[in-house]
Amino acid sequence: MSPAPVPLPDDVLRALQATVGNRAVLSDPDRMLVYESDGLTQYRFPPSAVVLPGTAEEVYRVVRILHQAGLPYVARGAGTGLSGGALALNGAVVVATTRLNRILDLDVENRRARVQPGVINAQLTRATAPHGLYYAPDPSSQSACTLGGNVAENSGGPHCLKYGVTSRYVTALTVVLPDGELVRLPTSDPETGTLDLMGLFVGSEGCFGIVVEMEVELLPKPEGVRTLLALFDSLEAAGAAVSTIIGRGLLPAALEIMDRATIEAVEDSVFAAGIPRDTEAALVVEFDGVEAGLDAEMEEARGVCLGSEAREVRTASTAADRDALWKGRKKAFGAMGRIAPDLLVQDATVPRSRLPEVLARIGEIGRRHRLRVANVFHAGDGNLHPNLLFDRNDPDELARVEKASREIMSVCIDAGGTITGEHGVGLDKRPYLPMVLPPPVLEAMGQVKAVFDPTGQCNPGKVLPDEYLPGGGLTRASA
Amino acid sequence: MAGPGSARAVTSPDEIRERVRSLLGEAALDGSTSDGGAMGPVAASPVSPQEAAALLRLASEEGWRVLPHGAGVAPDGYGAAGTPPDLLVSARRMAGIIQYEPADLTLEVGAGTVLADLDRELAAQGQWLPLLPPGGGAVTLGGLVSMGLPGSLAVAYGAPRDQLLGLTLADARGRVLPLGGRVVKNVAGFDLVRLVCGSRGALGLICGVSFRLHPRPAADRTLIWSGDEAGSLHALGRVLAGLPLPLAALEIHGHRGGELPQLGPDGWGVALRATGSEPAVTRMVDVAVDAVGRPTRTLEADASVRFALAAAADEGRARPQHRRKLPPSDLGVLLDRLTRDGQEAGGKEWGGVVADLRSGMVRRLRADATGLPPLTPVTPAVGRLHAGLRKVFDPMGVLPGQWRYGWR
């Protein structure tokens with residue numbers, strides 16, 4: 001299945017070893033196995049080498065060596081990305097940020113943390129918790145994913161309904177540009193005339209360079225949190241409850257839905273959360289903020305759910321009870337691993353008011369292609385995650401998964417939505433990008449990419465279709 | 001007239017006017033320019049992104065210096081002072097709601113829409129676009145995005161870049177670029193929306209914008225602690241900033257008496273704004289008062305909104321002005337220094353100052369930059385990126401990127 005690894009030229013390998021030390025350069029195929037794939041599990045691309053720099057300076061020296069040698073390379077955090085952004089196409093050298101995992105400074109009074117890109121998302125929140133602070137973006141992979149990876153993908157999470165995504169919390173970025181230059185990126189400033197290059201870099205999926213240091217804003221932990229789990233006999237009813245909650249002017253911190261296929265997977269697994277297996281939809285609603293008023297908001301949301309024919313509403317105000325209500329939602333992906341060998345986690349956003357019809361059409365697409373589709377999604381944002389269950393060793397099923405994916409994307413675009421809400425384009429969504437962006441926009445994006453990376457060596461073959469990428473996307477002459 | 005050092009061909013205002021008329025018709029020409037008089041730049045207002053793109057393409061072919069502009073109420077005049085444009089282009093005729101679905105809490109409007117007008121439409125639906133840029137309600141949405149400046153609500157609700165979902169840009173290659181979208185989460189492709197936000201016309205004319213909206217808060221209260229000097233007020237503000245409260249705004253205002261009488265006779269005060277449900281606002285106010293004592297005055301509901309709008313409007317009028325961001329804990333030292341320098345100068349030239357106590361964003365109003373930290377220099381690598389990005393959207397250098405900000 002996977003293409004043969006391309007060995008690195010000896011002189012380049014020696015230069016990399018001299019820069020980071022022999023132990024921090026992997027070139028033995030067995031040891032590089034784990035770097036062949038990421039969270040988009042149906043693909044494997046063996047890198048020609050893996051380099052693990054230990055300092056920012058080592059990163060720019062490594063990038064300079066690769067740039068001068070004309071070799072492609074790709075940055076990699078924890079490899080949890082779901083769109084294939086960290087895959088080493090065309091034998092790219094993987095530059096892993098794993099060893100850059102230090103919290104450099106925690107400034108409690110100013111609510112800022114200066115960190116290296118390999119710090120794990122949840123690790124930062126754990127380190128700041130004793131000071132009453134936390135880091136807001138909370139992607140589902142937060143116990144494993146890195147902050148540098150979060151910058152690359154502009155990651156969201158259940159709570160970005162109220163708090164926004166990664167770009168809002170990054171206050172400074174130092175990066176190594178694709179030619180090996182170390183720069184601190186400016187934001188928009190009328191006096192110096194600069195543009196928001198930091199904002200442009202966030203979400204650039206590793207195509208504009210490698211983050212070596214970042215500063216993020218922390219938030220004070222909310223005084224109180226209330227969580228509610230409502231069980232419905234139809235997805236439509238759950239969707240209607242979401243619309244009514246928003247329509248009443250309530251702004252929950254999270255609004256999450258799981259469908260019956262997901263509930264069944266969870267209840268059949270070790271993560272069983274005690275939701276009846278015949279429930280068609282489970283809605284998690286969470287409010288946070290100052291204590292006063294939370295109970296009233298919670299009561300109002302409860303009333304809305306009951307008014308939308310919820311068969312049962314459970315509420316929680318203690319941390320332990322809240323964890324129980326969240327359990328099903330948080331363990332959904334893990335539970336699905338039990339029922340199928342492979343899982344394609346799709347990602348698309350539609351206007352919230354179009355959710356019910358889009359979900360119905362996704363269900364129909366799944367039935368037509370004889371695929372199991374389980375929906376887990378951020379209902380408040382209209383951010384859908386239809387999960388397609390399959391077996392990679394069944395080529396016919398794999399082909400149906402790809403067909404169904406394209407049809408799902410098309411349904412979401414027709415509803416006024418987009419092909420990715422938070423997972424990025426990477427490799428997976430590249431063919432779909434022209435469905436949502438017209439040629440002049442693709443052209444402008446390709447030109448912007450070329451400003452940062454004229455030779456196309458930095459994360460080749462990602463985000464844009466080849467015809468819009470500098471160097472045609474793949475540059476390796478020796479490949 | 002050609003700008004200093006420019007080798008470009010010069011076209012007279014009359015010729016430019018004639019060319020614009022034959023391209024877009026008489027309606028696109030504005031009767032008077034902001035400078036007034038026949039010798040000022042020609043002013044044109046295309047009616048659609050397609051017209052804007054055609055106009056910018058023509059300007060590019062002819063080498064006319066173009067300045068996109070909004071309502072003209074935001075602080076301006078940065079960059080190469082005195083270099084006049086040949087053509088002012090505005091989105092004035094692209095005003096009004098394009099798509100508004102209250103159930104989705106999202107909105108798309110023409111860039112020429114005035115913020116105060118939009119606010120009235122949103123209020124009717126119980127919704128809110130929590131942005132208070134310099135210039136207040138008089139700014140256009142396109143101007144607001146083009147300047148990209150965070151206002152007093154930015155810590156709580158995000159700066160324009162954080163609330164913006166998408167925009168339509170007409171660039172100087174003559175392209176219409178619909179960027180981003182109308183959904184609240186969207187990472188399809190590179191984030192050109194953020195690049196354009198705060199680009200001050202350097203990449204093209206913003207023709208339409210879409211935003212996420214918020215429920216209009218049920219309660220809105222501003223507490224003001226007045227004083228006569230920076231030191232004690234900053235100490236008080238620092239205590240408030242340390243409270244774990246989701247306040248809408250928390251700023252220290254210095255020497256703004258005439259413009260903002262609510263601050264008291266000395267024009268110094270800490271202003272805390274709380275928005276949300278009535279019980280939540282009451283609770284936030286109680287916690288704040290417990291921590292630092294009773295405020296000098298409390299502004300309720302409309303009065304709270306009026307104060308915030310007046311402060312933003314004044315900030316739009318203030319010339320010159322300078323902005324710096326520093327760690328909030330360093331604000332006290334800075335304010336002391338500014339005060340001391342002001343006293344030594346006899347207080348006459350003191351101007352005013354506003355500082356966000358949580359983000360550390362300081363705006364020095366009606367005064368030079370004396371006493372402020374130096375600007376971050378643009379390094380050669382950053383300069384190269386700017387020059388490259390400018391050429392993506394404006395290869396001939398007719399937009400302010402080249403002739404104002406010098407991105408060559």
Side-chain angles (χ1 to χ4, degrees), chain A residues 109-110 132 154 156 164 167-168 177 181 183 186 188 190-197 199-200 202-204 220-221 223 243 246-247 249 251 289-293 296 349-353 381-383 416-422 424-425 433 436-438 440-441 444-445 447-449 451 463, chain B residues 78-79 101 103-106 126 147-148 158 161-162 175-179 181-192 194-195 197-200 214-216 242 244-246 276-277 279-280 282-284 322-323 327-329 360 375-376 378-379 381-382 385-386 388-389 392 404-406:
Chain A
E109 175 170 2
N110 293 313
N154 195 12
S167 61
R168 183 163 161 195
L177 295 175
E181 185 130 22
V183 294
S188 163
E191 274 173 89
T192 55
T194 49
L195 297 169
D196 187 4
L197 298 188
L200 175 64
V202 176
S204 59
K221 262 191 280 189
E223 202 175 55
S243 292
I246 297 287
L251 181 58
V290 288
E291 269 293 337
T349 312
V350 298
R352 187 170 29 234
S353 57
D381 297 321
N383 188 186
T418 189
I419 60 164
T420 170
E422 56 181 8
V425 177
L433 204 58
V436 72
L437 299 180
V441 173
M445 285 181 179
Q447 290 163 338
V448 167
K449 157 78 174 170
V451 169
V463 183
Chain B
Y78 297 109
E101 192 52 67
D104 291 330
L105 284 174
T106 61
M147 294 301 291
R161 76 201 274 278
D162 304 311
R175 297 183 290 203
V176 173
L177 303 173
L179 305 172
R182 285 198 306 267
V183 285
V184 295
K185 276 162 86 183
N186 186 353
V187 292
F190 300 127
D191 201 340
L192 304 189
R194 269 192 200 80
L195 178 68
C197 184
S199 62
R200 302 170 299 278
H214 287 255
R216 215 166 181 87
L245 300 176
S277 70
T282 301
R283 163 84 182 151
M284 286 189 265
H322 302 273
R323 308 170 75 87
S329 56
L375 290 165
T376 309
V378 175
T379 61
V382 168
L385 291 174
H386 278 83
L389 291 168
V392 170
R404 256 195 166 176
Y405 307 118

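Predicted, not measured: the structure shown is a model, and the values here were computed from it. Letters A, B, ... are given to chains in the order of the sequence lines, protein chains preceding strands, and every chain is numbered from 1.
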Problem - chain A contact via B/V378 - which portion, at a heavy-atom distance below 4.5 Å - result: side chain

Handout entry: Euclidean distance, B/L389 CG relative to A/L200 CG, rounded to 0.5 Å
Key = 6.5 Å

Handout entry: Any side-chain heavy-atom pair of A/N383 and B/V183 under 4.5 Å
Key = no

Handout entry: Residue pair A/S188, B/R200: steps toward the side-chain contact (heavy atoms from CB on, under 4.5 Å) verdict
Key = CA-CA 9 Å; A/S188 163; B/R200 302 170 299 278; 3.0 Å; yes

Exercise for the section: Sort B/T106 into side chain, backbone, both or neither according to what part of it lies under 4.5 angstrom from a heavy atom of chain A. Expected result: neither

Problem - Greatest number of heavy atom pairs closer than 4.5 Å to chain B - which of A/G289, A/G247, A/G203, A/S204 - result: A/S204

Practice task
Find the one option among A/G199, A/S243, A/G249, A/G421 whose heavy-atom pairs under 4.5 Å with chain B are most numerous.
Solution key: A/G421

Exercise for the section: Could you tell me which portion of A/V448 (side chain, backbone, both or neither) has an atom closer than 4.5 angstrom to a non-hydrogen atom of chain B? Expected result: both

Problem - Min side-chain heavy-atom separation A/V425-B/V187 under 4.5 Å - result: no

Problem - Where A/L437 and B/A188 come nearest, the two heavy atoms and their spacing - result: CD1-O, 3.9 Å

Fill in the blank from the handout: If one checks every heavy atom of A/P186 against chain B at 4.5 Å, the contacting part turns out to be side chain

Handout entry: Closest heavy-atom pair and its distance - B/F190, A/K449
Key = CE1-CB, 3.9 Å

Problem - Close side-chain approach of A/P440 and B/V176, heavy atoms under 4.5 Å - result: no

Practice task
Decide yes or no for A/T420 and B/K185: does some side-chain heavy atom of the first lie under 4.5 Å from some side-chain heavy atom of the second?
Solution key: no

Practice task
Look at B/A103, B/S199, B/P328, B/P215 and state which one has the largest set of heavy-atom pairs under 4.5 Å with chain A.
Solution key: B/P328

Practice task
For each of B/L177, B/T282, B/V382, tally heavy-atom pairs with chain A at distances under 4.5 Å, and name the one with the top tally.
Solution key: B/L177

Completion exercise
One option among A/T192, A/N154, A/T194 has the most heavy-atom pairs under 4.5 Å with chain B, and it is A/T194

Practice task
Find the distance between OG1 (B/T379) and CD (A/E181) and round it off to the nearest 0.5 Å.
Solution key: 7.0 Å

Exercise for the section: Using a cut-off of under 4.5 Å on heavy-atom pairs, state which of A/V183, A/D381, A/V202 scores highest against chain B. Expected result: A/D381

Problem - Interface residue of largest heavy-atom contact number with chain B, from A/K221, A/E291, A/E422, A/Q447, under 4.5 Å - result: A/Q447

Completion exercise
Rounding to 0.5 Å, atoms CG (B/D162) and CZ (A/R168) come to a distance of 6.0 Å

Practice task
Pick one of side chain, backbone, both or neither for B/L195, based on which atoms fall under 4.5 Å of a heavy atom in chain A.
Solution key: both

Exercise for the section: Could you tell me whether the side chain of A/S353 reaches within less than 4.5 Å of the side chain of B/E101, counting heavy atoms only? Expected result: yes

Problem - Main-chain N/O of A/G193 paired with B/R404 side-chain donor or acceptor, under 3.5 Å - result: no

Handout entry: Best-contacting candidate, A/A296, A/G416, A/A444, A/G132, against chain B by heavy atom pairs under 4.5 angstrom
Key = A/A444

Handout entry: Over all atoms of both residues, closest heavy-atom pair of A/P190 and B/R323
Key = CG-CD, 4.3 Å

Fill in the blank from the handout: Scored by heavy-atom pairs under 4.5 Å with chain A, the best of B/G242, B/G158, B/C197, B/P246 is B/G158

Completion exercise
Taken in chain and number order and not counting sequence neighbours, the residues that satisfy side-chain contact (heavy atoms from CB on, under 4.5 Å) with B/R283 are A/E223, A/V290, A/A292, B/V287

Completion exercise
When the 4.5 angstrom heavy-atom criterion is applied to A/L195 and chain B, the contacting part is both

Handout entry: Side-chain heavy-atom pair B/H386, A/L197 within 4.5 angstrom cut-off
Key = yes

Practice task
Could you walk me through whether B/N186 and A/T349 pass the side-chain contact (heavy atoms from CB on, under 4.5 Å) test, one step at a time?
Solution key: CA-CA 7 Å; B/N186 186 353; A/T349 312; 5.8 Å; no

Exercise for the section: Kindly indicate whether the side chain of A/V441, heavy atoms from C-beta on, has any atom under 4.5 Å from the side chain of B/P178. Expected result: yes

Practice task
Heavy atoms only, distances under 4.5 angstrom: which of B/G406, B/G126, B/G189, B/G360 has the most pairs with chain A? Name it, please.
Solution key: B/G189

Fill in the blank from the handout: When the 4.5 angstrom heavy-atom criterion is applied to B/D104 and chain A, the contacting part is both

Problem - Between CD on residue A/E191 and OG1 on residue B/T376, distance to nearest 0.5 Å - result: 10.5 Å

